[in-house]
**Q** 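Input: one structure, supplied below.
Just so we're on the same page: letters track the sequence lines, and every chain starts at 1.
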Amino acid sequence: MSDELSVNEYRQQRIENMEKLSEAGYPAFGEAFERTDRLDRLHEQFELEKPVAACGRIVAMRKMGKLAFAHVNDGSARFQLMIQRDVIGEDAFKAFKLLDLGDCIGVQGAFFLTKTEENTIAVKIWKLLSKSLLPLPEKFHGLSDVETRYRQRSLDLISNPEVMDLFKKRSKVMREIRSYLDQRDFLEVETPMLQQLAGGAAAKPFQAHYNALNVDVFMRIAPELYLKRLIVGGMDRVYEMNRNFRNEGIDRTHNPEFTCLEIYQAYGDMRSMQTLIQGLFLHIAETVFEKIEFEWMGHTIQLQTPWKEVSYHDLICEHLGANWFELDEAGMRAIAEEREVGLEDVMSAKEITHEIYDKTIEGTLIQPTFITRLPAELVPLANTCADDPELVDVFELIIGGKEIAPAYSELNNPLEQRKRFEEQAKSDESAIDHDFLTALEIGMPPTGGMGIGIDRFMMLLTGSDAIRDVILFPQLKPRG
RNA sequence: GGGACGAUAGCUCAGUCGGUAGAGCAACUGGCUUUUAACCAGUGGGUCCAGGGUUCGAGCCCCUGUCGUCCUACCA
């Protein structure tokens, strides 16, 4: 990096140490090392005087005249090493003292217990596996500068165990999502990320150029239209959990590439999705976190099912008065003002209602809540309710005051879908995905569909208030 | 988009009224056989984010920019 000069002194000292070690018979970048087991499992297998081989990165060292202690970490746990001059010999001990924090070593020895009863390996042989040329962050405060943590995630993972733990949990969450769905006959599929039409959502796409075909392509904003093609094709339960890309701003809850789980179940509807998501979330909570209560921004969220369900109509009446929907526009505007919700002059009654919902009601729904029967205007791609064509058969799952997952009884009427695309495209014929419409005309069974933002789900589960904390390499501006 | 705040040694941070740049850890030298934020003695280490301005003199005051954090707005 460009700041190489500023760490030159430290780097130079370490290069000198590396050369001395090499001369003493410890080449700097050694070969693979056979260990008895990972360090976390060595703690479980601890048995006094049992022979053991272990390796890891040196994260702490306390060297004395004829004795030294060190802690190594292999990403699973820390383990203490004890090195005695009279055991390993004068030369090996002298060489050991040339090691720096950050170096990776392998040792052979035997389990040993110190006075303070800490699991330790009494070292008989050690090997240098990799020399670190750069200084590690300070051992006590660690690395806390937020920007450096995001830009140099390697260092963050090495010096902040809770960060390592969070990302291990994220990996397990994704594994358990797959396991839960696979067990229920859902097929994981991969659909195009490079698309000639970026459909399935309303968002600005990233653009790229495909040289071989000389065509412009878009990074996908959603996999929806392809997953539905698969439903038409007879893959009657499919899901995809992968990246979507939206060419929009970055803030605490938005990263331009984000991971989304989309699930479609043929012969099902919004109700099937309701059952599925409750089971899925409970499974994740129990298997990965071993609890069903989560602390989130000062609230305790209870995941015990069944979750609360309320229709949009009833929810509004509950908060804004039973006669809300009988009010005229002036009456609604008066209540909006009372609640300090800013409105635009052109807003319809439905838009006013939704604005107040967005600003003052949604945030109060801390416990998991399904909001059902939304006005059709708000959700263009869902089937209407059988008993009321003004409403759509969908839910919005709200947890911790945030939308976590929308689910639809998917629109499968190809004529209606065509009409809505045409309205949306406003006479731009090229913006309509005709292949998708053709698939719908072949006939899509009634289908329940759902989308879950995995990053925001992780925020909820880990109590993080920034999406960057749950994404290993969040998007940042280039440094000047 | 608007506003507030921040950037000083490898890391974590102090820096008074504008007057020679500080601490702890880390590093280096020496000592030390049960340490664990090891300890003791000594030494070295700075483009004070960048650029401009005011001033005899700027880490500090003013302007511009970069990156980040928070608030707010927008988007989904």
**Q** Does any nucleotide pair with B/G44 by Watson-Crick or G-U wobble geometry, both distances under 3.5 Å, and what is it?
**A**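 Paired with B/G44, as far as the under-3.5 Å criterion goes, is no nucleotide at all.
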**Q** Does the B/U35 base have a donor-acceptor partner in the side chain of A/Q80 within less than 3.5 Å?
**A**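 Flag set: donor-acceptor pair detected.
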**Q** Rounded to the nearest angstrom, tell me the gap between atom CZ in A/R252 and atom C1' in B/G68.
**A**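 Spelled out: CZ on A/R252 to C1' on B/G68 is 15 Å.
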**Q** Would you mind classifying the nucleic acid contact of A/K97 as base, sugar-phosphate or nothing, using non-hydrogen atoms under 4.0 angstrom?
**A**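 Base, at least one base heavy atom under 4.0 Å.
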**Q** Which nucleotide sits closest to the side chain of A/P137: B/C67, B/C13, B/C11?
**A**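 Nearest to the side chain of A/P137 among the choices is B/C11.
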**Q** Tell me, do A/P51 and A/Q108 make a side-chain contact under 4.5 Å, heavy atoms counted?
**A**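 A/P51 does not reach A/Q108 side chain to side chain.
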**Q** Pick base, sugar-phosphate or nothing for A/R78, based on heavy-atom distances below 4.0 Å to the nucleic acid.
**A**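 Nothing: the residue A/R78, judged by heavy atoms under 4.0 Å, touches no strand.
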**Q** Looking only at atom P, what distance separates B/G65 and B/G2, rounded to whole Å?
**A**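 Nearest-Å result for B/G65 against B/G2 at atom P: 10 Å.
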**Q** Between B/A37, B/U34, B/U69, which one does the side chain of A/M64 approach most closely?
**A**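 The closest nucleotide is B/U34.
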**Q** Ion pair present between A/R153 and A/D156, side-chain N to carboxylate O less than 4.0 angstrom?
**A**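 Looking at A/R153 and A/D156, the cut-off is met.
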**Q** Between B/A27 atom C1' and A/E138 atom CD, what is the distance in whole Å?
**A**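 Spelled out: CD on A/E138 to C1' on B/A27 is 13 Å.
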**Q** Roughly how many Å apart are B/U54 and B/A58, using the P atom of each and rounding to a whole number?
**A**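 Per the computed distance, 11 Å lies between those P atoms.
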**Q** Can you identify which nucleotide, out of B/G68, B/G10, B/C28, has its nearest atom closest to the A/P135 side chain?
**A**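 Side chain of A/P135 sits closest to B/G10.
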**Q** Does B/A76 have OP1 or OP2 sitting under 4.0 Å from an N or O in the side chain of A/N244?
**A**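 No, outside the criterion.
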**Q** Does the side chain of A/N17 pick up a donor-acceptor pair with the side chain of A/D100 at under 3.5 Å?
**A**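 The answer is yes; a qualifying pair exists.
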**Q** Any salt bridge linking A/K419 with A/E416? Criterion: basic side-chain nitrogen under 4.0 Å from a carboxylate oxygen.
**A**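 A salt bridge is present here (some side-chain N lies under 4.0 Å from a carboxylate O).
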**Q** Which nucleotide sits closest to the side chain of A/Y10: B/G45, B/C74, B/U34?
**A**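 Of the candidates, B/G45 comes closest.
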**Q** Return the value, rounded to whole Å, for the distance between atom CG of A/L113 and atom P of B/U34.
**A**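 After rounding, the gap between these two atoms is 16 Å.
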**Q** Looking at A/T114 and B/U35, is any side-chain donor or acceptor paired with a base atom of the opposite kind under 3.5 Å?
**A**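 Donor-acceptor pair under 3.5 Å: yes.
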**Q** Rounding to an integer number of Å, can you tell me how far A/I250 CD1 sits from B/G1 P?
**A**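 Result: 13 Å.
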**Q** I'd like to know if the side chain of A/S464 pairs up with that of A/D469 as donor and acceptor (distance under 3.5 Å, no hydrogens or angles considered).
**A**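 The criterion, which ignores hydrogens and geometry beyond distance, is not satisfied for A/D469 and A/S464.
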**Q** Strictly by Watson-Crick or wobble contacts shorter than 3.5 Å, is anything paired with B/A9, and which nucleotide is it?
**A**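 Pairing partner, where one exists within any strand: none, as none qualifies.
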**Q** Hey, does A/F112 reach any base, or is it just sugar-phosphate, or nothing, if we go heavy atoms under 4.0 Å?
**A**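 If one applies the 4.0 Å heavy-atom cut-off, A/F112 turns out to touch a base.
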**Q** Assuming nearest nucleotide by heavy-atom distance, tell me which of A/L143 and A/G249 is located more 5' along RNA chain B.
**A**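 By nearest-heavy-atom nucleotide position, the 5'-most residue is A/L143.
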**Q** By nearest atom, which of the nucleotides B/A76, B/U35, B/U69 is closest to the A/R468 side chain?
**A**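 Among B/A76, B/U35, B/U69, the one nearest the side chain of A/R468 is B/U69.
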**Q** List the steps and the verdict of side chain to side chain contact (heavy atoms under 4.5 Å, CB included) for A/I177 and A/I452.
**A** CA-CA 11 Å; A/I177 288 173; A/I452 302 166; over 6 Å; no
**Q** How would you label the contact of A/N247 with the nucleic acid (heavy atoms, under 4.0 Å): base, sugar-phosphate, or nothing?
**A**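 Nothing: the residue A/N247, judged by heavy atoms under 4.0 Å, touches no strand.
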**Q** When both hydrogen-bonding distances must be under 3.5 Å and the geometry is Watson-Crick or G-U wobble, what is B/U64 paired with, if anything?
**A**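 Pair assignment: B/U64 / B/A50.
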**Q** Nearest to the side chain of A/E9, which nucleotide is it out of B/G24, B/G44, B/U69?
**A**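 For the A/E9 side chain, the nearest candidate turns out to be B/G44.
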**Q** So what does A/K115 touch, heavy atoms closer than 4.0 Å: a base, only the sugar-phosphate, or nothing?
**A**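 Base: the residue A/K115, judged by heavy atoms under 4.0 Å, touches a nucleobase.
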**Q** With rounding to the closest Å, how many angstrom separate the P atoms on B/G44 and B/C49?
**A**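 About 25 Å, rounded to a whole number of Å.
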**Q** Classify the nucleic acid contact of A/A202 as base, sugar-phosphate or nothing, counting any heavy atom under 4.0 Å across all strands shown.
**A**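 It contacts sugar-phosphate atoms only.
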**Q** Out of A/E396, A/E309, A/K308, which one pairs with A/F370 under the side chain to side chain contact (heavy atoms under 4.5 Å, CB included) rule?
**A**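 Result for side chain to side chain contact (heavy atoms under 4.5 Å, CB included) with A/F370: A/E309.
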**Q** Between B/U12 and B/G6, how far apart are the C1' atoms? Round to whole Å, please.
**A**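 It comes out at 15 Å once rounded to the nearest Å.
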**Q** Write down the distance separating the C1' atoms in B/G46 and B/A9, rounded off to the nearest Å.
**A**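 Result for the C1' pair: 6 Å, nearest Å.
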**Q** Considering every strand shown, what is the Watson-Crick or G-U wobble mate of B/U69 when both distances are under 3.5 Å?
**A**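 B/U69 is paired with B/A4.
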**Q** Would the A/F46 and A/H43 ring centres measure less than 6.0 Å apart?
**A**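 Judged by ring-centre distance (under 6.0 Å), A/F46 and A/H43 do not meet the cut-off.
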**Q** We want to know whether A/D40 and A/S76 form a side-chain donor-acceptor pair, criterion being a heavy-atom distance below 3.5 angstrom.
**A**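 On atom types as modelled, these side chains qualify, holding a pair under 3.5 Å.
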**Q** Hey, does A/R149 reach any base, or is it just sugar-phosphate, or nothing, if we go heavy atoms under 4.0 Å?
**A**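 No contact at all - A/R149 keeps every heavy atom at 4.0 Å or more from the nucleic acid.
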**Q** If you measure from the Lys or Arg side-chain nitrogens to the Asp or Glu carboxylate oxygens, is any gap between A/K228 and A/D433 under 4.0 Å?
**A**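 Salt bridge absent between A/K228 and A/D433.
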**Q** Please measure how far the C1' atom in B/G10 lies from the corresponding atom in B/C56, and state the result in whole Å.
**A**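 To the nearest whole Å, 37 Å.
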**Q** Closest approach to the side chain of A/F69, judged atom by atom: which nucleotide of B/G10, B/C28, B/U34 is it?
**A**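 Looking only at side-chain atoms, A/F69 lies closest to B/U34.
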**Q** RNA chain B: A/E117 or A/T148, which has the more 5' nearest nucleotide?
**A**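 Taking each residue's closest nucleotide, the earlier one in sequence belongs to A/T148.
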**Q** Give me the distance, rounded to whole Å, that separates B/G45 from B/C39 when you measure between the C1' atoms they each carry.
**A**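 To the nearest whole Å, 23 Å.
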**Q** Taking atom P in both B/G53 and B/C67, what distance in whole Å separates the two?
**A**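 B/G53 and B/C67 have their P atoms separated by 24 Å.
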**Q** For A/L133 and B/A27, what is the distance between atoms CG and C1' respectively, to the nearest whole Å?
**A**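 Those two atoms, CG and C1', are 15 Å apart.
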**Q** Partners of A/I366 by side-chain contact (heavy atoms from CB on, under 4.5 Å), sequence neighbours excluded?
**A**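 Partners of A/I366 by the side-chain contact (heavy atoms from CB on, under 4.5 Å) criterion, ordered by chain and then number, come out as A/H299, A/I301.
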**Q** Which whole-number value in Å describes the distance from A/D145 CG to B/A9 P?
**A**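 Rounding to the nearest Å, CG of A/D145 and P of B/A9 are 11 Å apart.
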**Q** Side chain of A/L101 only, heavy atoms from C-beta on: which candidate in B/A76, B/C11, B/A26 is closest?
**A**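 Among B/A76, B/C11, B/A26, the one nearest the side chain of A/L101 is B/A26.
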**Q** Could you let me know what B/C17 is paired to, Watson-Crick or G-U wobble, both distances under 3.5 Å, or none if it's on its own?
**A**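 Checking every strand shown, B/C17 finds no partner, since no pair has both distances under 3.5 Å.
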**Q** Heavy atoms under 4.0 Å, any strand shown: does A/R14 hit a base, just sugar-phosphate, or nothing?
**A**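 It contacts nothing in the nucleic acid.
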**Q** Students often get this wrong, so: under 4.0 angstrom with heavy atoms, is A/R85 touching a base, only sugar-phosphate, or nothing?
**A**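 No contact at all - A/R85 keeps every heavy atom at 4.0 Å or more from the nucleic acid.
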**Q** Is A/K63 touching bases, backbone alone, or none of the nucleic acid, heavy atoms closer than 4.0 Å?
**A**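 Base contact.
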**Q** Between B/C13, B/C74, B/U34, which nucleotide gets closest to the side-chain atoms of A/D251?
**A**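 So the nucleotide nearest the side chain must be B/C74.
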**Q** If you only use heavy atoms from C-beta on, which nucleotide in B/C67, B/U35, B/U12 is closest to the side chain of A/K477?
**A**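 Shortest atom-to-atom distance from the side chain points to B/C67.
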**Q** Which of residues 355-373 of chain A sit near RNA chain B, with a heavy atom under 4.0 Å from it?
**A**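 Heavy-atom cutoff 4.0 Å gives no residues at all.
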